[in-house]
Amino acid sequence: MSDNKTIYKYMTKYNIQLYLFGSARVSKKPNDLDILLIYPDISKVTEALELKKELISYLQELNCKDIHMVLMTVQENDEINFVKKEGAIRFNICRKGE
């Protein structure tokens, strides 16, 4: 069973940021969940993919339906300015009990 301790570990240890964008950002009942995962650079792609897997598993346990994840490096985001263009909202996951 996944838990947010694993997700928190990946986010803090590998400096990975998560953003919410799309309809879930503005709707109380969105059809899907769009998440942007920004990781430092290509050397951390394995960790980013593992976090993606853990996060999808965690969200499915919470009964979230259609989950769409976009992964990009900090440099890629800087080049296309995805966060700003999409009005993405950064969110954090705290360890349980905090």
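Note that the coordinates shown come from a computational prediction; the quantities given were computed from them, not determined experimentally. Hydrogens, waters and symmetry mates are skipped; everything else that's a heavy atom, side chains included, is used.
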Among pairs that include at least one residue of residues 66-88, which meet ring-ring contact (aromatic ring centres under 6.0 Å, His included), considering only residues two or more places apart or in two chains? F21-F82
Hey, which of V45, L49, N77, T46 is the one that makes side-chain contact (heavy atoms from CB on, under 4.5 Å) with Y39? V45
Linking I/L/V/M/F/W/Y whenever their side-chain heavy atoms sit closer than 4.5 Å, directly or via other members, would [X] and [Y] fall into one cluster?
{"X": "M72", "Y": "I35", "answer": "no"}
{"X": "L18", "Y": "V70", "answer": "no"}
{"X": "M11", "Y": "I67", "answer": "yes"}
{"X": "L71", "Y": "V83", "answer": "no"}

Roughly how far apart are [X] [atom1] and [Y] [atom2], rounded to 0.5 Å?
{"X": "T6", "Y": "L55", "atom1": "OG1", "atom2": "CG", "value": "11.5 Å"}
{"X": "L33", "Y": "Q60", "atom1": "CG", "atom2": "CD", "value": "11.0 Å"}
{"X": "M69", "Y": "L36", "atom1": "CE", "atom2": "CG", "value": "8.5 Å"}
{"X": "K5", "Y": "E54", "atom1": "NZ", "atom2": "CD", "value": "13.5 Å"}
{"X": "D66", "Y": "L59", "atom1": "CG", "atom2": "CG", "value": "12.0 Å"}
{"X": "L51", "Y": "L37", "atom1": "CG", "atom2": "CG", "value": "5.0 Å"}

Please report the closest heavy-atom contact between I38 and T73, naming both atoms and the distance. CG2-C, 3.9 Å
Close side-chain approach of D41 and V74, heavy atoms under 4.5 Å: no
Just so I know, are the side chains of K44 and I16 near enough to count as touching, which here means a heavy-atom distance under 4.5 Å? no
Taking side chain to side chain donor-acceptor pair (under 3.5 Å) as the test, write out the residues that go with [X], two or more places apart.
{"X": "E86", "result": "none"}
{"X": "S23", "result": "D32"}
{"X": "Y19", "result": "Q17"}

Look at the side chain of S27 and the backbone N and O of A24, then say whether any donor-acceptor pair between them is shorter than 3.5 Å. no
Return yes when atom CG of N31 has more than 12 non-hydrogen atoms of other residues, nucleotides or ligands closer than 6.0 Å, and no otherwise. no
Please identify each residue that fulfils salt bridge (charged side-chain N to carboxylate O under 4.0 Å, His left out) with E50, with sequence neighbours left out. K53
Members other than V26 in its cluster, when Ile, Leu, Val, Met, Phe, Trp, Tyr link by side-chain heavy atoms under 4.5 Å? none
